[in-house]
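Down below is the structure, laid out as structure tokens.
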There are 2 protein chains.
Amino acid sequence: MTASRAISNPSMVTEATRLKVQAAASKIGYVQNFVAGSLKSRRSRLIACVVPTIASGSVFLPAVRAMTQTFERLGYHVMLSQRGYGVAQEQEQIETVLARRPDGIVLTGTFVSAAARRKLKASGLPVMEMWDMARSPIDMLVGFSHEAAGGAAAAYLHGKGRRRIAMISATEPRSAAREAGFVAELQRLGLPPPRIHAVAPPTRMGHGRQGLGELLLADPKIDAVFCTTDMVALGVILESQSRGLRVPEQLAVMGFGDMDFAADVTPALTTIHVDNEQLGERAATLMVEALDGRRSKRVSDMGFEIIERASA
Amino acid sequence: MTASRAISNPSMVTEATRLKVQAAASKIGYVQNFVAGSLKSRRSRLIACVVPTIASGSVFLPAVRAMTQTFERLGYHVMLSQRGYGVAQEQEQIETVLARRPDGIVLTGTFVSAAARRKLKASGLPVMEMWDMARSPIDMLVGFSHEAAGGAAAAYLHGKGRRRIAMISATEPRSAAREAGFVAELQRLGLPPPRIHAVAPPTRMGHGRQGLGELLLADPKIDAVFCTTDMVALGVILESQSRGLRVPEQLAVMGFGDMDFAADVTPALTTIHVDNEQLGERAATLMVEALDGRRSKRVSDMGFEIIERASA
DNA sequence: TTGTAGGCGTTATCAT
DNA sequence: ATGATAACGCCTACAA
């Protein structure tokens with residue numbers, strides 16, 4: 001028992017014994033066993049994190065990165081599950097995650113079925129939903145409103161005098177929310193429903209190139225395109241250049257995500273910025289606070305910001 | 001015990017008892033406890049995966065994604081640790097990972113100190129190194145030679161008649177290996193040492209724009225640039241266009257990674273392709289085979305392929 | 001096919 | 001500050 005304390009809780013032991021234990025441990029190559037410890041203590045210091053995918057262009061990846069890093073800094077490990085954009089075997093997946101007895105669960109950009117929500121609630125574990133705002137949370141939530149972001153994009157483009165505004169959206173819940181906000185705001189401003197080109201995630205530059213082509217085919221006079229991600233917006237800019245369309249004079253292009261190339265594009269990309277570093281860090285911090293028994297805010301809206309550059 | 005079998009190993013139990021157990025289990029909301037199971041069985045069905053970072057542009061992320069997905073399909077969970085590009089606290093990090101008693105460890109794009117290698121070997125766990133070829137492996141390895149890739153790029157550009165060839169490289173071990181192979185091959189071909197512009201990872205488009213500027217300042221007559229990632233190459237292309245330099249006529253641009261935008265750039269990007277899907281899947285498959293006691297190949301060179309497009 | 005016994009390596013608890 | 005004891009929940013091994 002003293003040896004156990006010397007390793008897990010050195011402050012409860014004399015310096016002399018601690019050294020003795022440490023010497024013996026390193027002599028025999030002892031490595032602590034968290035599995036046994038977790039069994040008795042009922043704390044695993046493991047966080048389960050469910051994401052749609054860790055594909056390279058994913059717009060929420062920076063938040064996941066920051067979150068993971070923060071958890072590691074605070075002494076937790078992260079178990080990552082990719083859920084895909086479908087919902088098959090969601091139940092089973094949650095079951096096997098819960099069987100690991102994580103101390104908490106983080107859901108990122110993931111809509112969850114009612115049955116799954118019930119299962120998560122029944123588990124009694126702290127649940128953090130990250131990267132979205134738009135529902136009654138299961139437990140804790142750190143995110144921002146995708147609808148509001150879409151609405152802000154519409155208002156911004158309208159404010160720049162654009163009247164034939166189109167969108168390239170993705171068939172994925174968060175993108176759909178941005179689209180809904182975008183459409184609603186345009187309607188409120190008295191504009192006709194925008195032309196929308198839908199693409200399947202994960203979004204790529206090619207979607208932007210091809211999407212602009214389709215949009216121009218349907219209406220050669222569109223004067224603005226709001227894109228569901230910056231990578232798509234970059235595709236729209238390149239396609240415009242190929243077609244001799246001047247950005248922003250003839251076509252305003254607006255992105256979402258403020259990815260690290262946005263400022264370096266020509267023309268520099270006007271886009272919507274979300275503070276992913278802080279978002280991910282706050283999600284992890286609030287989770288750890290909850291685990292330490294001091295829950296503060298349960299819901300935190302991180303907001304967003306339109307970054308005005310040259311493209312719109 | 002029968003209940004345990006009904007859940008973990010249903011084939012050892014009558015259908016009738018299995019149903020009875022399942023009914024009871026769902027009535028009380030029973031969720032299996034892998035922690036307890038792992039303690040006795042000494043199998044955790046957990047794989048620890050150490051990566052430098054999951055930043056969005058990381059060129060190895062598709063391999064990690066495929067690997068994770070394969071592990072999940074085969075019934076394993078993945079614990080992800082970001083190590084950063086530094087080496088601080090590497091020992092401690094490995095220690096806490098081993099304390100979780102994972103069934104195996106995957107190191108991705110990660111050089112490991114001698115002490116850490118010893119610790120990993122001493123653990124007796126199967127270790128998979130992924131995404132590189134160039135050393136005596138700790139245990140298993142699935143990757144390709146970055147030196148050979150760099151050499152192939154040099155030979156390709158030379159074969160296209162380019163003689164004043166530069167490179168934009170990153171201060172990161174794999175990029176350094178590509179650089180070394182690139183430099184060696186140019187020397188073998190009788191060319192002078194290339195001008196090299198070094199940038200800090202993670203690489204961004206801006207690195208390409210700025211890097212080309214620096215290279216042209218040092219030598220206005222360079223006729224080719226090999227870039228350490230496609231995103232950097234895209235920056236070089238955009239910067240060339242801004243400066244009125246024609247690609248590929250005046251400047252050949254070559255990337256690395258064949259990211260999903262490479263084909264959609266104008267001019268389409270000539271680059272080096274690695275089959276990340278298969279690489280990640282094979283790494284996971286070989287690991288699981290090792291865990292099942294049937295080790296086949298321990299080292300697997302996945303090779304690479306130059307994708308000739310318009311930019312070089 | 002089902003049941004019994006015991007232990008995996010730690011930590012909570014109580015005692016010294 | 002240290003020690004003794006039991007228990008966490010499952011699975012291995014063996015028996016019926």
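Lettering of chains follows the sequences in order, A, B, ..., and the numbering in each one begins at 1. Small disclaimer: the values here were computed from a predicted structure and weren't measured.
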Q) Any side-chain heavy atom of Met128(A) sitting closer than 4.5 Å to one from Leu107(A)? A) no

Q) So, do Thr70(A) and Thr285(A) sit near enough that their side-chain heavy atoms are less than 4.5 Å apart? A)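 Thr70(A) reaches Thr285(A) side chain to side chain.
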
Separation of [X] atom [atom1] from [N] atom [atom2], in whole Å?
| X | N | atom1 | atom2 | answer |
| --- | --- | --- | --- | --- |
| Glu15(A) | dT2(D) | CD | P | 11 Å |
| Met1(A) | dA12(C) | CE | P | 7 Å |
| Ile7(A) | dT11(C) | CD1 | P | 9 Å |
| Arg100(B) | dG9(C) | CZ | C1' | 15 Å |
| Asn9(A) | dT10(C) | CG | C1' | 14 Å |
| Lys40(B) | dA13(D) | NZ | P | 8 Å |
| Arg45(B) | dC10(D) | CZ | P | 17 Å |
| Arg101(A) | dC8(D) | CZ | C1' | 11 Å |

Q.
Could you check whether Gln69(B) and Arg65(B), counting side-chain N and O atoms only, form a donor-acceptor pair closer than 3.5 Å?
A. yes

Q. Of the nucleotides dT11(C), dG9(D), dT10(C), which one has an atom closest to the side chain of Asn33(B)?
A.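 Of the candidates, dG9(D) comes closest.
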
(Q) From C-beta outward on Leu39(B), which listed nucleotide comes closest to its side chain: dT2(D), dG9(D), dC11(D)? (A)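 Of the candidates, dG9(D) comes closest.
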
**Q.** Ion pair Arg178(A)/Glu147(A), N-O distance below 4.0 Å
**A.** no

Q) With a 4.0 Å cut-off on heavy atoms, is Thr17(B) in touch with a base, just the backbone sugar-phosphate, or nothing at all? A)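 Since only primed, P, OP1 and OP2 atoms lie under 4.0 Å of Thr17(B), the category is sugar-phosphate.
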
Check whether any side-chain N or O of [X] sits under 4.0 Å from OP1 or OP2 of [N], and answer yes or no.
| X | N | result |
| --- | --- | --- |
| Ser4(B) | dC11(D) | yes |
| Ser8(A) | dT11(C) | yes |
| Arg42(B) | dC11(D) | no |

Q: Tell me which of Ser41(B) and Thr2(B) sits closer to the 5' end of DNA chain C, going by the nucleotide each one is nearest to.
A: Thr2(B)

Q: Would you kindly compare Thr14(B) and Ala36(A) by the position of their nearest DNA chain C nucleotide and give the one closer to the 5′ end?
A: Thr14(B)

Q | Geometric cation-pi criterion, Arg45(B) with Tyr76(B): 6.0 Å, 45° | A | yes

Q: Take Arg5(A) and Val35(B), find for each the nucleotide of DNA chain D with the closest heavy atom, and name the residue whose nucleotide sits nearer the 5' end.
A: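 Nearer the 5' end of the strand: Arg5(A).
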
